[in-house]
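All values below were derived from every heavy atom in this structure, side-chain atoms included, with hydrogens, water molecules and symmetry-related copies excluded. Indexing begins at 1, ligand by ligand and atom by atom, following the structure's order. Throughout, numbering of the chain's residues begins at 1 and tracks the sequence. Values in this document were obtained by computation on a predicted structure and should not be read as measured data.
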Amino acid sequence: MSDLPARNKEAVNWRSDFVVMKFGGTSVEDAAAIRRVSQLVRRQRRYRPIVVVSALAEVTDQLVTAGKSAAEGKRESAKEILERLRQRHAEVAAELLSADEHKSLCSQLERAFQLLHTLIDSIAADGQFAPRVQDLSSKLLSFAFLASGLEAAWVDARQCIITDAAHTRATPLWEETNQRVESVLLPLLQTGRVPVLGGFVGSTRDGIPTTLGRGGSDFSAAIVGAALGAQRIEIWTDVDGVMTTDPDLCVDARLIEKMSFDEAAELAYFGAKVLHPATLLPAMRHDIPVWVRNSRNPECSGTEILAHTSDDIEVKAISVKRGVASVDVEPLRWLAPELVREVCDVFERHHYSLDLLSASRGSLSVLVSTTAALPAIAEELQGLAKVRWKNHQALVCLVGEKIRRRPDIASRVFRAISDIDVRMICQGASERNISFLVDESKAEEAVQRLHRLFFPPEKVQPLDDSSHALCQAGESWV
Ligand code: ADP
Ligand code: MG
């Protein structure tokens, strides 16, 4: 990330009062959710919001399914999926918009879906689909804003976020992106309008659409926030904020009120999907606080992520990354440094990012998230090393700035799960985490036990003073 250029504060001296508000799929899943979003944005109007929005909930997954069906020659089922998606968008639009607005949006909707049908006929790759439908949620939202009296302006994110050509995992070209974001969004903001952009998409210099990877709308919000030097970046989602663990996994998961950029980045990297791992980098670089908040429960002040926190909490959160495979590379002779380099090169050539690497005299182990290219990698290393892998593993990770100061944490962790088979224990690569590998089937149990250990259920508290949350947020939502 060292290539992120420093922003020129003087060149853009109006900056301190912009807020980027990103809404995830569940925050715009239906008409009621979109109405809530309109209200939230209206209430933040004095901060000059810029809105970034994902596709409607589950749309991306369904498009991927349609793409795969098309690839397998099942065009009819792919088209059925598209038809259901078209209907869903049309129904949500009908509920929110006046007849004229509805007509105007629907003609755009028809065009987008016609294009998708053509794509089904001609291509099979999943990534090609997403950008076109991503537009629909942002267009729908800007229409809904207008209908609710907010001066919205739909912005084509591809005009703003300029990336390299690595489709599905594109990286922004920062200088150009910053310039574009400023030149497209500033005039709108200066005339009091609320720009609305689809997340997740960008384009190359030549205008070819690209995508930033799953969950990439968080990243889009951070890119825009950093380009404008926003006062804060708000990630609005379906949970109260970053929690001590995934609330789907553990009912006792608690809200974390404040955490550092490093802690949040570590957590995102190690599987907490509440934040896309790349989100924090631009925010960190420009020291812009990131808030994670619940669009269904705006009374809750959420999680504030900032450069430093001063609390004494040793373990802040526990994450789990499933679907991991551990790969053992055993050299036929010995593990020479050249072999380590060669192994890393081979994985890179096959576009693998290695999650964790551990080496001993006799072998090298790495973690990967997909096994697709492993047979090819094994073949390339033939004659140098034997490659074996084990699927269905999960990486459990404890995160906290203070972990480094508490050597007893590791022993408490492994005592609590002493009957669970643990591999690839790693502490110290980053001082902020302890991570280890377990069988995927044991991950939930391990996380729950560790959560009980570090976050024992609280005794019943006297009634919470919710005005505290309201004060912190500086808002009244009633
Ligand atoms: P969005 O559609 O708003 O981007 P995501 O589904 O990507 O939302 O992320 C929110 C989800 O992340 C939550 O519903 C929750 O299940 C999951 N999650 C995983 N780990 C955590 C965590 N530590 N704190 C909060 N949510 C988490
Ligand atoms: Mg997300």
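If you check the side chains of Thr163 and Thr210, you find a donor sitting under 3.5 Å from an acceptor. A donor atom on one side chain and an acceptor atom on the other are found under 3.5 Å apart for Arg423 and Ser326. If you check the side chains of His392 and Arg322, you find no donor sitting under 3.5 Å from an acceptor. Side-chain N/O atoms of Arg293 and Thr237 include no donor and acceptor closer than 3.5 Å.
Residue contact annotation: Pro247 has a non-hydrogen atom under 4.0 Å from ligand 1. By the 4.0 Å heavy-atom criterion, Ala317 is excluded from the residues contacting ligand 1. At least one heavy atom of Gly241 sits closer than 4.0 Å to an atom of ligand 1. Ligand 1 has at least one atom lying under 4.0 Å from a heavy atom of Lys22.
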**OP:** Using the side-chain hydrogen bond (donor to acceptor under 3.5 Å, both in side chains) rule, take Ser138 and Trp154 through it: C-alpha gap first, then chi angles, then the decisive distance, then the call.
**Re:** CA-CA 7 Å; Ser138 50; Trp154 182 77; 2.8 Å; yes
Original post:
Between Asn294 and Asp238, is a side-chain hydrogen bond (donor to acceptor under 3.5 Å, both in side chains) present by the stated rule, with each step listed?
Top reply: CA-CA 5 Å; Asn294 190 348; Asp238 62 347; over 6 Å; no
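The shortest contact between atom 13 (C) of ligand 1 and any protein heavy atom is with Asp238 OD1, 3.5 Å. Of all protein heavy atoms, the one lying nearest to atom 8 (O) of ligand 1 is Thr237 OG1, 3.1 Å.
Here is the list of ligand 1 atoms found below 4.0 Å of a heavy atom in Asp248: 16 (O). Each of the atoms 20 (N) of ligand 1 lies under 4.0 Å from some heavy atom of Ala272. Within ligand 1, counting atoms from 1 as listed, the ones closer than 4.0 Å to a heavy atom of Gly25 are 2 (O).
Heavy-atom proximity to atom 26 (N) of ligand 1, evaluated over Asp246, Thr244, Val274, is greatest for Val274. The option with the heavy atom closest to atom 22 (C) of ligand 1, from among Glu58, Met243, Arg254, Lys273, is Met243.
Between Glu29 and Arg296 there is a salt bridge, since a side-chain N of the basic residue sits under 4.0 Å from a carboxylate O of the acidic one.
Residues satisfying the side chain to side chain contact (heavy atoms under 4.5 Å, CB included) criterion with Arg432, sequence neighbours excluded, are Asp262, Glu266, Glu401, Arg404, Ser430.
Inclusion of Val242 in the set of residues having an N or O under 3.5 Å from an N or O of ligand 1 is not warranted.
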